[in-house]
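Just so it is clear, the values below take in all heavy atoms, side chains as well, and ignore hydrogens, waters and symmetry mates.
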Amino acid sequence: MPKPLTAQSLLRAVRRLAATDADLAWILKTFGPPPLWQRTTGFATLVHIILEQQVSLASARAAFDRLGRAVTLISPEHFLTLSDAELKLIGFSRQKMRYCRLLAQALLDGQLDLTEVERMNDDAARAALMQITGIGHWTVDIYLLMALRRPDVWPKGDLALAVAMQRLRKLASRPSPDELAAMAENWRPHRAVAARMLWHYYLSTKA
């Protein structure tokens with residue numbers, strides 16, 4: 001089992017990557033080390049990540065904040081009390097309502113145990129989470145990377161990473177998910193750290 005990243009182990013890994021990759025070294029020199037960007041484990045974070053699927057982080061955050069105001073606690077039990085109309089006002093599409101309800105029911109039924117997922121290696125955790133409809137590779141990758149703080153997860157379907165890589169490497173076109181995954185191979189076993197560096201670069205140059 002890999003140890004979750006801490007501020008200290010993140011910084012060590014950032015320095016190792018910078019020592020072997022000139023572009024990552026430039027990011028470190030220009031913008032400094034990336035934040036740890038950690039989220040709490042559990043149902044609420046998975047709902048937040050589902051809200052982030054294929055929309056801007058800002059709009060997902062706004063919907064998640066409205067959800068937090070609509071219930072006393074973002075838990076499976078409380079989520080299932082909300083009607084379609086209430087969820088629509090909060091900002092859930094019909095598809096995301098279904099995904100989050102299926103997740104909530106799976107947790108209540110014992111089909112999925114997020115505490116057990118924390119004790120699994122990356123592959124086993126991925127398989128357990130992807131049993132639930134609506135939780136695909138990107139959602140799992142972000143949960144493993146942000147909530148479980150695994151050091152070698154690479155969210156190959158992330159648009160911001162593709163944009164950052166295109167700019168950083170001065171590529172003629174945006175790399176596909178598979179091309180992005182191939183480019184990240186040299187960063188094992190610190191691909192999640194490289195992802196944080198690229199997000200840091202993307203956010204620092206977005207304007």
Item to complete: Could you walk me through whether D65 and R69 pass the salt bridge (charged side-chain N to carboxylate O under 4.0 Å, His left out) test, one step at a time?
Response: CA-CA 6 Å; D65 288 345; R69 293 191 292 270; 5.3 Å; no
Worksheet item: Any side-chain heavy atom of I27 within less than 4.5 Å of one from L198?
Response: yes
Worksheet item: Rounded to the nearest 0.5 Å, what separation is found between the CZ atom of R169 and the CE atom of M183?
Response: 7.5 Å
Fill in: H190 side chain to R16 backbone, donor-acceptor under 3.5 Å
no
Discussion item. When you group the ILVMFWY residues by side-chain heavy-atom contacts below 4.5 Å and let the links chain together, are M97 and L89 in the same group?
Written reply: no
Worksheet item: Parallel, tilted or perpendicular: which describes the rings of Y201 and W26, with under 30° parallel and over 60° perpendicular?
Response: perpendicular
Discussion item. Starting from Y143, can I reach M130 by hopping between I/L/V/M/F/W/Y residues whose side chains sit under 4.5 Å apart?
Written reply: yes
Discussion item. Rounded at 0.5 Å granularity, tell me how far CG in L80 sits from CG in L103.
Written reply: 9.5 Å
Discussion item. Please check this pair: side chain of Q131 against backbone of A128, looking for a donor-acceptor N/O pair closer than 3.5 Å.
Written reply: yes
Worksheet item: Are the charged groups of D113 and R119 less than 4.0 angstrom apart, N to O?
Response: no
Worksheet entry | Closest contact, heavy atoms only, A63 versus G91 | CB-CA, 4.3 Å
Worksheet item: Is any side-chain heavy atom of L145 closer than 4.5 Å to a side-chain heavy atom of W37?
Response: no
Worksheet entry | Basic-acidic side-chain contact under 4.0 Å: R39, E52 | yes
Worksheet item: To the nearest 0.5 Å, how far apart are NE2 in H200 and OG1 in T30?
Response: 9.5 Å
Discussion item. Tell me if the CZ atom of R61 is crowded by more than 12 foreign heavy atoms within 6.0 Å.
Written reply: yes
Worksheet item: Taking a hydrophobic cluster as the set of Ile, Leu, Val, Met, Phe, Trp and Tyr residues connected by side-chain heavy atoms closer than 4.5 Å, whether directly or through intermediates, do L159 and I49 fall within one such cluster?
Response: yes
Practice prompt. Let me see the working for V163 and R167 under side chain to side chain contact (heavy atoms under 4.5 Å, CB included), right down to the final yes or no.
Written response: CA-CA 6 Å; V163 171; R167 292 176 184 167; 3.5 Å; yes
Worksheet entry | Interatomic spacing from NE2 in H48 to OG1 in T40 - rounded to 0.5 Å | 10.5 Å
Worksheet item: Is L114 reachable from L108 through a run of hydrophobic residues whose side-chain heavy atoms are each under 4.5 Å from the next?
Response: no
Worksheet item: Closest heavy-atom contact between P189 and D152?
Response: C-OD1, 3.2 Å
Worksheet item: Considering residues, nucleotides and ligands other than Q54, do more than 12 of their heavy atoms fall under 6.0 Å from its CD?
Response: no
Practice prompt. Write down the atom of M197, the atom of L28, and the distance for their closest heavy-atom approach.
Written response: CE-CB, 4.3 Å
Discussion item. Please evaluate residues L5 and Q38 with respect to the criterion side chain to side chain contact (heavy atoms under 4.5 Å, CB included), reporting the C-alpha separation (whole Å), side-chain torsions for both, the decisive distance (0.1 Å), and the verdict.
Written reply: CA-CA 9 Å; L5 282 171; Q38 56 186 323; over 6 Å; no
Item to complete: Would you please test R150 and D123 for salt bridge (charged side-chain N to carboxylate O under 4.0 Å, His left out) and show each step?
Response: CA-CA 12 Å; R150 299 294 171 86; D123 290 340; over 6 Å; no
Item to complete: Would you sort out whether L161 and W199 count as a side chain to side chain contact (heavy atoms under 4.5 Å, CB included), showing the intermediate values?
Response: CA-CA 6 Å; L161 287 183; W199 280 326; 3.6 Å; yes
Worksheet item: Would a 4.5 Å heavy-atom cut-off, applied to side chains only, mark V71 and F79 as touching?
Response: no
Response to the item:
Separation between CZ (R15) and OG1 (T20), nearest 0.5 Å, reads 14.5 Å
Discussion item. Using every non-hydrogen atom in the two residues, find where L107 and L112 come nearest and quote the distance to one decimal.
Written reply: CD2-O, 3.3 Å
Worksheet entry | Reported OG1-to-CD distance for the pair T133 and Q95, which is rounded to 0.5 angstrom | 10.5 Å
Worksheet, complete the sentence: For W138 and G157, the nearest pair of non-hydrogen atoms, with its separation, is CD1-C, 4.0 Å
Worksheet item: Below 4.5 Å, heavy atoms only, C-beta onward: do R126 and M120 meet side chain to side chain?
Response: no
Fill in: Side-chain donor/acceptor of D158 to backbone N/O of A160, under 3.5 Å
yes
Worksheet item: Among the clusters formed by ILVMFWY side chains lying less than 4.5 Å apart, do L203 and L57 turn up in the same one?
Response: no
Item to complete: Of all the heavy-atom pairs spanning A172 and Q166, show the shortest one and how long it is.
Response: O-NE2, 3.8 Å
Worksheet item: Within the distance-only criterion (no hydrogens, no angle test), does the side chain of H78 pair as donor or acceptor with the backbone N or O of A70 below 3.5 angstrom?
Response: no
Discussion item. When you compare the side chain of V193 with that of L17, does any pair of heavy atoms fall below 4.5 Å?
Written reply: yes
Item to complete: Compare all side-chain heavy atoms of P76 with those of Q105 and state whether any distance is below 4.5 angstrom.
Response: no
Discussion item. Using side-chain heavy atoms (C-beta onward) and a distance below 4.5 Å, is L82 in contact with F92?
Written reply: no
Item to complete: Show your reasoning for whether side chain to side chain contact (heavy atoms under 4.5 Å, CB included) applies to V55 and K96.
Response: CA-CA 12 Å; V55 300; K96 290 179 181 180; 3.9 Å; yes
Worksheet item: With no hydrogens and no angle check, is any side-chain donor or acceptor of T45 less than 3.5 Å from a backbone partner on G42?
Response: no
Fill in: Minimum side-chain heavy-atom gap K3-R149 below 4.5 Å
no
Practice prompt. Would you mind telling me which of V117, T115, L148, L46 makes a side chain to side chain contact (heavy atoms under 4.5 Å, CB included) with T41?
Written response: L148
